[in-house]
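A quick write-up on the structure given underneath.
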2 protein chains.
Amino acid sequence: MNEDFEFPILTVDGVIFQLVNDELCVLLTQRAFEPFLGAWALPGMYISKDQTSREALELTLIQKTGISTSQIELIEQPYAFDAPQRDPRGYAVTIAYIGLARDVMPGVHRGADDKIQNPHFTSLAKLPKLAYDHMSIVQFAHNRLKILAASSNVLAGLLPRTFTLLQLQSAYEAVLSRKLDKRNFRKKIQSLGLIETTGESSREGAHRPAQVYRFCNGSTLRHHTI
Amino acid sequence: MNEDFEFPILTVDGVIFQLVNDELCVLLTQRAFEPFLGAWALPGMYISKDQTSREALELTLIQKTGISTSQIELIEQPYAFDAPQRDPRGYAVTIAYIGLARDVMPGVHRGADDKIQNPHFTSLAKLPKLAYDHMSIVQFAHNRLKILAASSNVLAGLLPRTFTLLQLQSAYEAVLSRKLDKRNFRKKIQSLGLIETTGESSREGAHRPAQVYRFCNGSTLRHHTI
DNA sequence: ACAAAAGTGTTAAGAATACACCCATGT
DNA sequence: ACATGGGTGTATTCTTAACACTTTTGT
């Protein structure tokens, strides 16, 4: 164990979900370097010796997508992916974070070099081919999100501060990829005590106004079943 | 991104569970090097540039505990733990694997240098202070195991090939840290179709013999609720 | 005979599912 | 008037949880 010990390539990637038009989307950028120049990929970067994986994630999100982690709720424990042959320079390990965003507009950010980064939230249903093993990382993250959504209130991170019950239901449906019964959903979600009415009502469109809800203060992660 | 880019210290640790006398235990070794020389720790080592985390895990298990990964069922995705200050040499990341063992006797293995490694399965209820942040890694892993045990058949990895229903129930109780009702447990576990009787019966002790069961062939990970 | 684990059913409460109509609004 | 999403209740099925006694063996 000497000072010259060489470690594998270590990178961090963020799998940032957001709802766009009731579709579950994931944040992608176009790679500005080889390998996979021009291909779509999760925002990510090398972790250097003097920064934590979390710091590297924050840096790459700002640099490549213009999004600050203060706009994102990171969930859970980071996962490690071994990906042999993912990089021509040798064996590489990536640490994947899962995050939830709401109302975030990625903006092209031009840093030291201004190659394209072209950040976009892309619907999971219409993903292009992704660089590296990022497709399987996205699938893994989506699966985790499904499990969490069905058994906790994490979806708060995907919704605006206030919302109607139909919006909430749509969020669940988008994440779980299945339809829910309106009456059963309302019964369930109301009985959990996670949300409370704001007293306001949303008067939009040619139909009856809907009551507006918010997640209760101090409703930390709780477990239930949808 | 040049060839001299320096990455954080990258290590791998195994959280290997085994049942000993109906208690859930985890495999620990005594550290043979600074830092934490002599302290109890999870078996683990540095991952070098030309090996995968999985290979490093296999190597450290053999070297420090004499256990081969063929004797272990690794479960799930590896987790990454950022642990600032975990190593005096700088920021370090460890990749934790969770594994299940049965009937495994760790043996002291003496490799290139023969410092103590002293591998033992230690009851979770009686853990000593652990090196680094290993205590929180163990707690995290135990939590994952509880969730998996309550919702799948992973516990197969902790049990002998054949077992009585009471042994199976004890395994669940040890992992979940709570008592289960015998009749409800049997009803449930039988209805899941995960196990089948071997036709044999175990005639041990001054009491009625018990039927012996095994997990069904091809019963890959399945989900249920205990 | 007795100690010790094996084995077995029923009931009650709660949770999940399936299902159809009226309401309030804007155009 | 009509189109649109907002809102509500009940019956059925399934799942869970609580609970105690008889059986078979070894000593």
Side-chain angles (χ1 to χ4, degrees), chain A residues 19 21-23 146-147 149-153 159-160 162-174 176-214 222-226, chain B residues 19 21-23 146-147 149-153 159-160 162-174 176-214 222-226:
Chain A
L19 292 171
N21 299 329
D22 289 337
E23 280 193 297
K146 277 187 187 178
I147 292 170
S151 69
S152 79
N153 59 345
L159 284 156
T162 64
F163 46 83
T164 67
L165 288 183
L166 200 67
Q167 280 179 281
L168 182 60
Q169 185 178 338
S170 296
Y172 272 96
E173 290 176 340
L176 299 176
S177 326
R178 65 186 166 95
K179 286 286 174 192
L180 302 172
D181 178 84
K182 182 162 60 161
R183 279 167 292 188
N184 293 338
F185 177 78
R186 286 169 185 238
K187 212 185 314 171
K188 183 73 190 183
I189 210 78
Q190 307 241 33
S191 78
L192 292 172
L194 300 174
I195 59 172
E196 60 191 8
T197 173
T198 62
E200 322 233 311
S201 59
S202 113
R203 203 170 298 103
E204 302 176 16
H207 53 81
R208 177 173 173 177
Q211 278 198 86
V212 174
Y213 291 80
R214 70 169 86 89
R222 289 199 220 174
H223 287 272
H224 61 78
T225 309
I226 288 289
Chain B
L19 292 171
N21 300 328
D22 289 336
E23 281 193 296
K146 276 187 188 178
I147 292 170
S151 68
S152 79
N153 60 346
L159 284 155
T162 65
F163 45 83
T164 68
L165 289 182
L166 200 67
Q167 281 179 279
L168 182 59
Q169 185 178 339
S170 295
Y172 272 96
E173 290 176 341
L176 299 175
S177 324
R178 65 186 167 95
K179 286 287 174 191
L180 302 172
D181 178 85
K182 182 162 61 159
R183 281 168 292 187
N184 292 338
F185 177 79
R186 286 169 185 237
K187 214 183 312 168
K188 182 76 189 181
I189 210 78
Q190 307 241 33
S191 77
L192 293 172
L194 299 175
I195 58 173
E196 61 190 7
T197 171
T198 62
E200 323 233 311
S201 60
S202 111
R203 203 171 297 104
E204 300 175 18
H207 54 81
R208 177 171 173 177
Q211 278 198 86
V212 175
Y213 291 81
R214 69 169 85 89
R222 288 199 222 174
H223 287 271
H224 60 77
T225 309
I226 286 292

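Numbers restart at 1 for each chain; the letters A, B, ... are given by sequence-line order, proteins then strands.
- One can place CD of A:Gln190 at 11 Å from P of D:dG9, the figure rounded to the nearest angstrom.
- Between the C1' atom of D:dG6 and the CD atom of A:Gln167 lies a distance of 13 Å, rounded to the nearest Å.
- B:Lys146 meets the side chain to side chain donor-acceptor pair (under 3.5 Å) test with no other residue; sequence neighbours excluded.
- Looking only at side-chain heavy atoms (C-beta outward), B:Leu165 and B:Ile195 come within less than 4.5 Å of each other.
- No donor-acceptor distance shorter than 3.5 angstrom exists from the side chain of A:Ser152 to the backbone of A:Ala149, with no hydrogens or angles considered.
- In terms of the side chain to side chain donor-acceptor pair (under 3.5 Å) criterion, A:Lys182 has no residue partners (sequence neighbours excluded).
- For A:Arg186, the salt bridge (Lys or Arg N to Asp or Glu O under 4.0 Å) test picks out no residue, with sequence neighbours left out.
- Rounded to whole angstrom, the span from the CG atom of A:Leu166 across to the P atom of D:dT8 amounts to 13 Å.
- The nearest whole Å value for the distance from the CG atom in B:Leu180 to the P atom in D:dA18 is 11 Å.
- Taking the screw axis at each terminus of the helix from C:dA1-D:dT27 to C:dT27-D:dA1 from five consecutive base pairs, the angle between the two is 10° to within rounding of 10 degrees.
- Look at CZ on A:Phe163: it is 16 Å from C1' on D:dG6, rounded to the nearest Å.
- Looking at residues two or more places apart in sequence or on another chain, you find a salt bridge (Lys or Arg N to Asp or Glu O under 4.0 Å) between B:Glu23 and B:Lys126.
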Inset, instruction - Encode nucleotides 19-27 of chain D as B, S and - characters from 5' to 3', where the letter depends on protein heavy atoms closer than 4.0 Å: B to the base, S only to sugar-phosphate, - to neither. - result: BB--BBBB-
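- With sequence neighbours excluded, the residues satisfying salt bridge (Lys or Arg N to Asp or Glu O under 4.0 Å) with B:Glu173 are B:Lys179.
- Between chain B and DNA chain C, the heavy-atom contact criterion of under 4.0 Å yields a 5' to 3' nucleotide range of C:dA3 to C:dT10.
- Evaluation of the side-chain hydrogen bond (donor to acceptor under 3.5 Å, both in side chains) test over residues 198-211 of chain A, restricted to residues two or more places apart or in two chains, returns A:Thr197-A:Gln211.
- Using modelled atom types, no side-chain atom of A:Gln167 and backbone atom of A:Leu159 make a donor-acceptor pair closer than 3.5 Å.
- For B:Tyr213, there are no ring-ring contact (aromatic ring centres under 6.0 Å, His included) partners, not counting sequence neighbours.
- Under the side-chain contact (heavy atoms from CB on, under 4.5 Å) criterion, A:Asp22 pairs with A:Ser170, sequence neighbours left out.
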